[in-house]
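Please read the structure below before turning to the comments.
Both counts, for ligands and for their atoms, begin at 1 and track the order of listing. One is the number of the first residue; the rest follow in order along the sequence. Worth saying up front: this structure is predicted, and the values here are computed from it rather than measured.
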Amino acid sequence: MAQSESILNNPFLNKGTAFTNEERQALGLVGMLPSKVQTITEQTTQAYGQFQSKTTDLEKRIFLMNLFNENRTLFYHLMADHVVEFMPIVYDPVVAESIEQYNELFLAPQNAAFISVDDPEAIEASLENAAGGRDIRLVVVTDAEGILGMGDWGVNGVDIAIGKLMVYTAAAGIDPAQVLPVSIDAGTNNQKLLADPLYLGNRHQRIYGPQYEAVIDRFVTAQQKLFPEALLHWEDFGRANAQAILDKYKTKIATFNDDIQGTGMVVLAGILGALNISKESITDQRILSFGAGTAGMGIANQIMDELKQAGLTEAQAKQRFYAVDKQGLLFEDTDGLTPAQKPFVRKRSEFQNADALTDLATIVKTIQPTILIGTSTQPGAFTESIVKEMAAHTPRPIIFPLSNPTKLAEAKAEDLIKWTDGKALVATGIPAADVTYKGVTYQIGQGNNALMYPGLGFGLIAATAKVLNEATLSAACHALGGIVDTSKPGASVLPPVSKITEFSQTLAQVVAQSILDQKLNKEPIASAEQAVAAMKWRPEYKN
Ligand SMILES: NC(=O)c1ccc[n+]([C@@H]2O[C@H](COP(=O)([O-])OP(=O)(O)OC[C@H]3O[C@@H](n4cnc5c(N)ncnc54)[C@H](O)[C@@H]3O)[C@@H](O)[C@H]2O)c1
Ligand SMILES: O=C(O)C[C@H](O)C(=O)O
Ligand SMILES: [Mn+2]
């Protein structure tokens, strides 16, 4: 391909009609573009007009993804002006529709690396080819066994890695040329995909066990070799693999699991925000995790750490938790406990009606939780009667229905406010509109790890972190405090997405500082603030 053609097809370098006349001369682009040289502002206005002419969210998404594929700088320049409007389109919930229709809608590989369980020999070359010589600092990898709450989506799940990375750049300012989305195609147990002639992934059942683990290991080894300075972010792995992979690598490399740790962080930050409003203490809470899977147990561990810091012993802290899964309240003798659930189980002897504690209504009535968190993938599970029962025993019930996408949420924000007569302190997984009830406008926090992982990841990269530990996670959870004016009636428990670039920067600085304080940086760094500021990429054309 001629240089002129390749630069117009390179989304990291392309400026389209914004190439100046000098650049057109130098790059052999003369005559390949209409004569007018546009500014990025003009291009942005034009692109936004086109965006607005699309009628459905999916059409809007396809338009934006085409722009992303052509010209990353313009895409992010546009997104910077419309972050609240674009987040649900490029990320959750509309990303869910694009994953479901990936084969039909297939646009472009979007500079992702596609790794196949059937070809481990090709792993290193696949990463190298997809990176194309770019200086990769951030890798988001998924095997798509647990896409949001929608289960197994095989190779289609690559879109979540791409979506997460788009939020990283929009929120924290990671250079889009320094990121790499990775799909690990380990097969799929999704029968619909296996039967679909258009399916683009490996057409066989999902591989588990030693063969899978060897692929993961080979991937991590290649990633470390090719991009030793990169942070590795795991997304939407299945319940068993997510925790096991994190435990295997977290003390060796700079890595985190977003569903476990990112979610734990945003929920703890939301609880701290809620307690700021209610003026209650975290040590007085009874916490019910409904859906004790990857996210549910990540949340439990993050809150546990906070309770210990607040002065409780491990045993006292555990008494505050009630982990509920398919089997009901989890007891020592419950069948099928996961390793992550085991530390949080209760004794049957603690309850007079232990054998009846199999459904949420009875459990809520019995334990009278003050905090109810949903990561169960069970739509509508927080019913009116359950919520009213909870609210009867606590003045400001904290209720976070977090299951994504929209159709899986345990409750709607508006219902929670109404059923509790405005008392509930609410955060939801996807964006929720303000709720006006009896003259008060309630702002609903977005309890989505997207509020945390961009700042967390950016801070770790800027500080050249060796590893991520509990001290840094805890510091990050406290970093969002003070951004919301909690004295205002109807105040949100979390800061709004409209401020995501500001608070991601604060978060990144706190994270980088924590790494430096613990001497966990690989390279010498004079100041956390400077390191974060120096790494920030801005969506402007460079000469
Ligand atoms: N808002 C966020 O930031 C965020 C972050 C991570 C996950 N999530 C959402 O949380 C949900 C779970 O994600 P995950 O990664 O933990 O998945 P997971 O599969 O690891 O966990 C889901 C858990 O729910 C349990 N469950 C299923 N049916 C149940 C029932 N009837 N009653 C009680 N428990 C039941 C499952 O057994 C499992 O343990 C998804 O919808 C996901 O989108 C949201
Ligand atoms: O992707 C999201 O919206 C949040 C979270 O990581 C999830 O799996 O639901
Ligand atoms: Mn996820």
Side-chain angles (χ1 to χ4, degrees), residues 87-88 90-96 99 140-153 157 159-167 233-244 246 256-270 288-300 302 322-330 334-341 344 357-361 363 372-382 386 400-410 427-432 445-453 494 497:
M87 277 272 283
V90 300
Y91 179 60
D92 202 5
V94 182
V95 69
I99 290 171
V140 174
V141 60
T142 185
D143 79 350
E145 189 181 359
I147 288 292
L148 312 173
M150 311 190 302
D152 187 340
W153 282 90
D159 274 357
I160 196 69
I162 295 161
K164 291 270 167 183
L165 284 165
M166 291 164 104
V167 177
H233 163 146
W234 306 88
E235 191 68 44
D236 290 354
F237 283 68
R239 192 175 78 167
N241 288 328
Q243 187 71 52
L246 179 63
F256 74 97
N257 180 298
D258 183 41
D259 298 290
I260 298 174
Q261 294 161 300
T263 314
M265 288 167 70
V266 77
V267 171
L268 176 56
L288 196 169
S289 271
F290 182 67
T294 310
M297 299 329 288
I299 294 164
Q302 192 63 57
Y322 301 87
V324 178
D325 210 86
K326 276 181 193 150
Q327 307 96 315
L329 184 63
L330 300 181
T334 300
D335 283 336
L337 292 174
T338 67
Q341 289 167 346
F344 291 93
L357 298 176
T358 52
D359 67 283
L360 186 61
I363 297 167
L372 176 62
I373 293 160
T375 50
S376 66
T377 72
Q378 298 302 303
F382 298 171
I386 288 173
F400 294 178
L402 299 183
S403 287
N404 293 326
T406 321
K407 61 188 172 198
L408 298 181
E410 286 84 0
T428 52
I430 39 116
Q446 191 177 350
N448 191 298
N449 45 36
L451 267 70
M452 304 300 278
Y453 73 75
L494 284 161
V497 171

Heavy-atom contacts under 4.0 Å between Leu402 and ligand 2: side chain, backbone, both, or neither? neither
Which segment of Val95 sits under 4.0 Å of ligand 2 when only heavy atoms are counted: neither
Taking heavy atoms and a distance under 4.0 Å, where does Asp259 meet ligand 2: side chain, backbone, both or neither? side chain
Nearest heavy-atom contact between Gly429 and Asn448 is O-ND2, 2.9 Å
Would you tell me which option among Gly264, Ala409, Ser376 has the nearest heavy-atom contact to atom 24 (O) of ligand 1? Ser376
I need the minimum non-hydrogen distance between Val90 and Val95, along with the two atoms involved. O-CB, 4.0 Å
Close-contact set for ligand 1 against Thr377 heavy atoms, below 4.0 Å: 11 (C), 12 (C), 40 (C), 41 (O)
Is there a nitrogen or oxygen of Asn404 sitting under 3.5 Å from a nitrogen or oxygen of ligand 1? yes
Could you tell me which non-hydrogen atom of Pro431 sits nearest to which non-hydrogen atom of Asp92, and how far apart they are? CD-O, 4.2 Å
Tell me which part of Leu148 gets within contact of ligand 2: side chain, backbone, both or neither, using heavy atoms under 4.0 Å. both
Just how far is it from atom CG of Asp259 to atom NE2 of His233, taken to the nearest 0.5 Å? 7.0 Å
Side chain, backbone, both or neither: which part of Leu148 has a heavy atom under 4.0 Å from ligand 1? both
Return the closest protein heavy atom for atom 7 (C) of ligand 1 as residue, atom name and distance. Ala295 CB, 3.6 Å
Distance-minimising heavy-atom pair for Thr294 and Arg239: OG1-CA, 3.5 Å
Check against side chain to side chain contact (heavy atoms under 4.5 Å, CB included), Met265 and Asn449: CA-CA 7 Å; Met265 288 167 70; Asn449 45 36; over 6 Å; no
Nearest 0.5 Å please: distance from the OG1 atom of Thr377 over to the NZ atom of Lys326. 7.5 Å
Quick note on ligand 2: atoms under 4.0 Å from a heavy atom of Glu235 include exactly 6 (O)
Assess whether side chain to side chain contact (heavy atoms under 4.5 Å, CB included) is satisfied between Leu148 and Leu408, documenting all intermediate values. CA-CA 9 Å; Leu148 312 173; Leu408 298 181; over 6 Å; no
Mutual orientation of the aromatic rings belonging to Phe382 and Phe290 [parallel < 30°, tilted 30-60°, perpendicular > 60°]: tilted
Verify the distance criterion only: is there a donor paired with an acceptor across the side chains of Glu235 and Thr142 at less than 3.5 Å? no
Where is the nearest protein heavy atom to atom 3 (O) of ligand 1: which residue, which atom, and how far? Asn449 N, 2.9 Å
Considering Met150, Lys326, Gln327, Gln341, which one's heavy-atom position lies nearest to atom 29 (C) of ligand 1? Lys326
Could you go through the side chain to side chain contact (heavy atoms under 4.5 Å, CB included) check for Glu145 and Asn241 one step at a time? CA-CA 9 Å; Glu145 189 181 359; Asn241 288 328; 3.6 Å; yes
Minimum non-hydrogen distance to atom 11 (C) of ligand 1, winning option of Ser403, Ala381, Ala340, Ala96: Ser403
Is Glu235 close enough to the Mn ion (ligand 3) to have an N, O or S atom under 2.8 Å? yes
Nearest non-hydrogen protein atom, atom 12 (C) of ligand 1: Thr375 O, 3.4 Å
Taking only heavy atoms of Asp259, which atoms of ligand 1 are found under 4.0 Å from at least one of them? 6 (C)
Can you tell which of Asn241, Asp325, Ile299 gets a heavy atom nearest to atom 38 (C) of ligand 1? Asp325
Nearest 0.5 angstrom please: Asp359 CG to Leu357 CG, how far? 8.5 Å
Among Ile260, Ile373, Val266, which one satisfies side chain to side chain contact (heavy atoms under 4.5 Å, CB included) with Ile299? Ile373
Residue and atom name of the nearest protein heavy atom (relative to atom 3 (O) of ligand 2), distance in Å to one decimal: Asp92 OD2, 2.6 Å
Protein contact of atom 20 (O) of ligand 1 - nearest heavy atom, named by residue and atom, plus distance: Thr294 OG1, 2.6 Å
What one should report as the nearest heavy-atom pair of Ala427 and Pro401 is O-CD, 3.1 Å
Proximity to ligand 2 by part of Asn448, non-hydrogen separation under 4.0 Å: side chain
Quick one: report the N, O or S atom of Asp236 that is nearest to the Mn ion (ligand 3). OD1
Looking at Asp259, the N/O/S atom that lies nearest to the Mn ion (ligand 3) is called OD1
Flag Gln378 as yes when one of its N or O atoms lies below 3.5 Å from any N or O atom of ligand 1, and as no otherwise. yes
Heavy atom of the protein closest to atom 2 (C) of ligand 1 (residue, atom name, distance): Gly447 O, 3.5 Å
Taking distance alone, with N or O pairs closer than 3.5 Å, would you say Gly429 contacts ligand 1? no
Identify the protein heavy atom lying closest to atom 44 (C) of ligand 1, giving its residue, its atom name and the separation to 0.1 Å. Leu402 O, 3.2 Å
Quick one: look up the protein heavy atom nearest atom 9 (O) of ligand 2 and list residue, atom name and how far away it is. Asn404 ND2, 3.1 Å
Please state which protein non-hydrogen atom is closest to atom 2 (C) of ligand 2 and give its distance, to 0.1 Å? Tyr91 OH, 3.2 Å
Polar-atom distance check: Gly149 versus ligand 1, any N or O pair below 3.5 Å? yes
Donor-acceptor pair, distance only, cut-off 3.5 Å: does the side chain of Ser403 make one with the backbone of Glu410? no
CG on Leu402 to CG on Asn404, rounded to 0.5 Å: 7.5 Å
What about Arg239: any of its N or O atoms under 3.5 Å from an N or O on ligand 1? yes
Note the single closest protein heavy atom to atom 5 (C) of ligand 2, along with its residue, its atom name and the distance in Å. Asn449 ND2, 3.4 Å
Can you list the ligand 2 atoms lying under 4.0 Å from a non-hydrogen atom of Lys164? 1 (O), 2 (C), 4 (C), 5 (C), 6 (O)
Nearest-0.5 Å distance, CD1 of residue Ile99 to CH2 of residue Trp153: 9.0 Å
List ligand 1 atoms under 4.0 Å from Thr263, heavy atoms only on the residue side. 4 (C), 5 (C), 6 (C)
Taking non-hydrogen atoms only, is Ala450 closer than 4.0 angstrom to ligand 1 via side chain, backbone, both or neither? neither
Please report which non-hydrogen protein atom sits nearest to atom 32 (N) of ligand 1, along with the residue it belongs to and the distance in Å to one decimal place. Phe290 CZ, 3.4 Å
Would you mind running through ligand 1 and noting each atom that sits below 4.0 Å from a heavy atom of Ala292? 39 (O)
If only atom types and distance count, is the side chain of Gln341 paired as donor or acceptor with the main-chain N or O of Ala292 below 3.5 Å? yes
Quick one: nearest non-hydrogen protein atom to atom 21 (O) of ligand 1, plus distance? Gly293 CA, 3.3 Å
Of all heavy-atom pairs between Leu329 and Thr334, which one has the smallest distance, and what is that distance? O-OG1, 4.1 Å
